[in-house]
Number of protein chains: 2
Amino acid sequence: MKQQPASPSIESRLRQCGMRMTPQRLAVAELMLGAPTHMMPQEVYEILHQQLPSLSPNTIYMTLDHFEQAGLLKKIFIDGKAVFDSCTDRHDHAVCRNCGTIRDVPCGSIEHTPLTLKRWHIHAESRVWSGLCPACSEMEKPS
Amino acid sequence: MKQQPASPSIESRLRQCGMRMTPQRLAVAELMLGAPTHMMPQEVYEILHQQLPSLSPNTIYMTLDHFEQAGLLKKIFIDGKAVFDSCTDRHDHAVCRNCGTIRDVPCGSIEHTPLTLKRWHIHAESRVWSGLCPACSEMEKPS
DNA sequence: TTTATTTCTAGTAATGATTCCTAAATGAGA
DNA sequence: TCTCATTTAGGAATCATTACTAGAAATAAA
């Protein structure tokens with residue numbers, strides 16, 4: 001009894017980007033594009049390797065990059081490590097320096113580029129808040 | 001004829017942090033703490049290796065980390081790579097995706113942490129603008 | 001000063017993430 | 001079904017960084 005197949009749009013979205021449909025890509029798409037998530041390539045590999053034992057890390061890297069180029073994912077860097085975000089809308093992130101949790105943070109009104117960058121052509125902006133998430137804050141409290 | 005020695009304060013600043021004075025550390029300090037700069041460990045190594053041929057990359061990594069822990073430098077990440085910034089005041093960065101130039105960008109008024117993070121304990125915030133610097137913008141212009 | 005103690009450095013090996021390379025496999029259109 | 005360009009697996013290569021260790025050097029004590 002198969003689960004409801006990935007929303008039909010996923011496959012068509014990939015095709016629209018001129019990508020061939022392969023089991024590997026479909027698996028990555030189902031994992032990453034279904035619900036809001038942040039994952040490192042390695043995590044993706046570990047999860048999918050179970051259902052596709054022959055899968056290679058290489059393929060994960062390539063697939064994630066393809067998806068990013070197609071605008072399906074956004075690549076962000078947290079503490080120097082690559083993380084792929086299924087939400088491509090403009091937003092910031094908060095990361096817990098204890099447990100590593102990543103949380104989306106809506107950013108306020110669209111801010112104008114600072115005067116200092118008047119002569120730059122800015123394409124992207126990223127902002128990361130770093131600290132302790134509520135759960136870890138609680139744990140660290142002195143009794 | 002020796003150049004004017006490093007400002008006496010550099011040595012004392014290191015000592016205040018409980019650090020032993022070594023030629024390696026002094027060299028890193030003179031390079032990084034003298035003027036505003038952003039450098040990757042590798043760059044630091046390549047420069048200093050010339051005056052201290054026996055210097056090892058290892059030492060650079062350790063020294064930079066020590067300096068960071070002592071609050072003399074700030075470690076930032078640009079596109080997933082570590083960069084050490086001699087300016088430890090609060091500010092943002094812009095990076096040119098063509099030539100790699102990094103520019104300090106003053107950030108406006110101190111912004112309050114977004115509501116979403118009300119229950120977090122935020123310790124740091126970093127923001128990076130990415131695009132083309134004025135020089136590279138100019139070059140890319142269609143004739 | 002000289003000696004003792006502790007930290008620091010160089011060098012090498014190890015790690016972890018990512019990329020490169022190539023032959024074989026496989027989608028997709030003719 | 002056949003063909004061909006794309007994609008994959010797998011292993012080697014790379015790059016930044018860390019771990020380990022013995023010897024060197026800096027500081028503290030005598």
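A distance of 8.0 Å separates CG of B/Asp92 from OG of B/Ser126, quoted to the nearest 0.5 Å. Rounding to the nearest 0.5 angstrom, the gap separating the CE atom in B/Met39 from the CD1 atom in B/Ile60 is 10.5 Å. Once rounded to the nearest 0.5 Å, the distance linking CZ of B/Arg103 with CH2 of A/Trp120 reads 7.5 Å. To the nearest 0.5 Å, atom CG of residue B/Asp104 and atom OG1 of residue A/Thr116 are 9.5 Å apart. The OG1 atom of A/Thr88 lies 11.0 Å from the CD atom of A/Glu68; values are rounded to the nearest 0.5 Å. Rounded to the nearest 0.5 Å, atoms CD (B/Gln51) and CG (B/Leu31) are 7.5 Å apart.
Summarising the geometry, the separation between CE on B/Met19 and P on C/dC8 is reported as 9 Å, rounded to the nearest angstrom. What separates NE2 of A/His66 from C1' of D/dA5 is a distance of 13 Å, to the nearest Å. The CD atom of A/Gln24 sits 11 Å away from the C1' atom of C/dG27 (whole-angstrom rounding). One can place CG of B/Asp65 at 16 Å from P of D/dA16, the figure rounded to the nearest angstrom. A/Lys81 has its NZ atom 18 Å from the P atom of C/dT15, to the nearest Å. The NZ atom of B/Lys75 sits 11 Å away from the C1' atom of D/dT18 (whole-angstrom rounding). Regarding B/Leu26, its CG atom lies at a distance of 13 Å from the C1' atom of D/dA26, rounded to whole Å. A/Leu64 has its CG atom 11 Å from the P atom of C/dT19, to the nearest Å.
Through chains of ILVMFWY side-chain contacts below 4.5 Å, A/Val95 is grouped with A/Met40, A/Ile76, A/Ile78, A/Val83, A/Ile102, A/Val128.
At least one side-chain heavy atom of A/Cys133 sits less than 4.5 Å from a side-chain heavy atom of A/Cys99.
Within residues 36-56 of chain A, the residues that have a heavy atom under 4.0 Å from DNA chain C are, in order of number, A/Pro41, A/Gln42.
The ring-ring contact (aromatic ring centres under 6.0 Å, His included) pairs that include a residue from residues 14-61 of chain A are A/His38-A/His93, A/Tyr45-A/His49, where partners are two or more places apart or lie in different chains.
An OP1 or OP2 oxygen of C/dG27 is reached within less than 4.0 angstrom by no side-chain nitrogen or oxygen of A/Arg15. Taking only side-chain nitrogens and oxygens, B/Arg25 never comes nearer than 4.0 Å to OP1 or OP2 of D/dA26.
Ion pairing between A/Glu125 and B/Arg127 holds under the 4.0 Å rule for side-chain N and carboxylate O. A salt bridge links A/Asp65 to A/Lys75: at least one charged side-chain nitrogen sits closer than 4.0 Å to a carboxylate oxygen.
Transitive grouping of hydrophobic side chains (ILVMFWY, heavy atoms separated by less than 4.5 Å) brings B/Leu73 and B/Leu48 into a common cluster. B/Leu132 and B/Val105 fall into different hydrophobic clusters, where Ile, Leu, Val, Met, Phe, Trp and Tyr residues are linked whenever their side-chain heavy atoms come under 4.5 Å apart, directly or through other members.
Taking five base pairs at each end of the helix from C/dT1-D/dA30 to C/dA30-D/dT1, the local helix axes there meet at an angle of 30°, rounded to 10°.
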Review item, nucleotides 28-30 of chain D N/O atoms under 3.5 Å of protein N/O:
none

Every protein N/O within reach of nucleotides 20-25 of chain D N/O, cut-off under 3.5 Å:
residue, atom, partner, partner atom, Å
D/dC20, N4, B/Asn58, ND2, 3.4

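Summarising the local packing, NE2 of A/His123 is surrounded by more than 12 heavy atoms from other residues, nucleotides or ligands at distances under 6.0 Å.
Comparing atom distances between the A/Tyr61 side chain and each of C/dT9, C/dT18, C/dA28 picks out C/dT18 as nearest.
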